[in-house]
There are 2 protein chains.
Amino acid sequence: MSSLKDKILNTATDLFQTRGINSTGVDTIVAIAGTTKMTLYKHFHTKEGLIIEVLNKSQHDFHHWLDNKLNTNSKVPSDKIKQLFDFIEEWITSPKFLGMGFIKASAEFPNEENPIHQLSSKQSREFRQYISKLASEANVKDADGLALQLSLLFEGAVQAEQMKRGSGAIKYAKKAAKILIDGAINA
Amino acid sequence: MSSLKDKILNTATDLFQTRGINSTGVDTIVAIAGTTKMTLYKHFHTKEGLIIEVLNKSQHDFHHWLDNKLNTNSKVPSDKIKQLFDFIEEWITSPKFLGMGFIKASAEFPNEENPIHQLSSKQSREFRQYISKLASEANVKDADGLALQLSLLFEGAVQAEQMKRGSGAIKYAKKAAKILIDGAINA
DNA sequence: GATAAAAGTGACAGGTCTGTATATATGCAA
DNA sequence: TTGCATATATACAGACCTGTCACTTTTATC
């Protein structure tokens, strides 16, 4: 894969997060990435295509990072779900955290028919299913229910952090998650 | 107050929610409101001014509706906070619910220096303080902590509903809220 | 060094955006 | 009737947007 394609992808990811997707023009992206529109449009047919690749890469990076953290720290299923919010906290409080792409994208493209909105919705659903798998492996009875609740706390905490950097909301999300997880495991 | 100003305000509120703020031009707003740009710019000096008035009105309407519901249903503080998510559910599942303005606005204007972002952040904080007041009246020890947790559930549920209408996330948010509230009251 | 692929340049088409200018019409009060 | 505020219609300036064009330069491979 061309390194210029990566450069464009990374630059776009950054600009979309810090300035908004609709507010970031392709001219700005190529200027900062140090390339030209011709090159951008060779790798991504449209701006929408670029947005979709940015969202996919962001989600893949997050998912890969989290899955790796969880699996290298413990093999015991109930420990894994209990540690989930420790790693989410690590992710959110990292200096390079700029927000979750799919949360912002769904707000910028509110129409449910829009491909970008649909992708956002799919990513949110897939993350919830990932948590649900963790929960069912830990023998939680209503795994989908707990997963949904934890994903609400997660998305709420991300939202809070996007509104005000260093809000500390994640600390309380973690406490709430512990209460809900303990309650569900002992049910 | 001019009824045309209200018409513009209501039309803009609707369009911002259904199409996004940046994706909605003033030409579209005046065309649908049945007036002209001259009139719009007489009432709102800039588009930013219009956005800010839309956000303020939306938040005021929500707050007024919720406060009224809570106060007419019960005078017992611990009942009020326990009923909070019942009314939030009523609000979110109402057919006319199109999302929360301040959540979408903060995503479209991610820069913390931006006046619109700052207003969103302020509205989120004020809502949290409102819940905190409910909690402390119900003799919750860590009222701010519980309020933050409930607001995470609230914003997460709104986010989920904005992503997929009829997601049913609010039902599980409600259950989680009950667990957290009961735990906090009996602490 | 020849050849081909990749990237760069600069201009441009066609559209949208915010905000303004000018000139006209309407309703109401004195 | 006259005067005035309000709203209308229409055109426009200037900036930005996405995406394309023809053409040139660099880079890599044989």
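Letters A, B, ... are given to chains in the order of the sequence lines, protein chains preceding strands, and every chain is numbered from 1.
Taking atom CG on B/D6 and atom P on D/dA7, their separation rounds to 12 Å, with Å as the unit. Rounding to whole angstrom units, CG of residue B/L50 and C1' of C/dC17 are separated by 15 Å. For the pair A/L40 CG and C/dA6 P, the interatomic distance rounds to 16 Å; values are reported in whole Å. When the P atom of D/dG19 is taken as reference, atom CD1 of A/I8 falls 14 Å away, rounded to whole Å. Here the P atom of nucleotide D/dA22 and the NZ atom of A/K42 are 13 Å apart, to the nearest Å. Computed from coordinates, the A/F44 CZ to D/dT18 C1' distance equals 16 Å when rounded to whole Å.
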Between the protein and nucleotides 18-22 of chain C, which nitrogen or oxygen pairs come in under 3.5 angstrom?
{"unit_1": "C/dT18", "atom_1": "OP1", "unit_2": "B/K47", "atom_2": "NZ", "d": "2.9"}
{"unit_1": "C/dT18", "atom_1": "OP2", "unit_2": "B/V26", "atom_2": "N", "d": "2.7"}
{"unit_1": "C/dG19", "atom_1": "OP2", "unit_2": "B/Y41", "atom_2": "OH", "d": "2.9"}
{"unit_1": "C/dG19", "atom_1": "OP2", "unit_2": "B/K47", "atom_2": "N", "d": "2.8"}
{"unit_1": "C/dG19", "atom_1": "N7", "unit_2": "B/K37", "atom_2": "NZ", "d": "3.1"}
{"unit_1": "C/dG19", "atom_1": "O6", "unit_2": "B/K37", "atom_2": "NZ", "d": "2.3"}

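Between D/dA7 and B/T35, no contact under 4.0 Å exists linking OP1 or OP2 to a side-chain N or O. Look at A/T39 and you won't find any side-chain N or O under 4.0 angstrom from OP1 or OP2 of C/dA7. For A/H43, a side-chain nitrogen or oxygen approaches OP1 or OP2 of C/dA7 to under 4.0 Å.
For the pair B/K96 and B/W91, the distance from NZ or CZ to the six-membered ring centre is under 6.0 Å and the angle to the ring normal is within 45 degrees.
Classification of B/K57 and B/E53 as a salt-bridged pair fails, no side-chain N sitting under 4.0 Å from a carboxylate O.
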Practice problem: Quick one: do B/D142 and A/Y172 satisfy side chain to side chain contact (heavy atoms under 4.5 Å, CB included)? Show the steps, please. | Solution: CA-CA 11 Å; B/D142 183 8; A/Y172 287 87; 3.7 Å; yes

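In this structure, B/F85 has its ring center no closer than 6.0 Å to that of B/F154. Taking the six-membered ring for Trp and the full ring otherwise, the centers of A/F62 and A/F127 sit less than 6.0 Å from each other.
More than 12 heavy atoms of other shown residues, nucleotides or ligands fall within 6.0 angstrom of atom NZ in B/K174.
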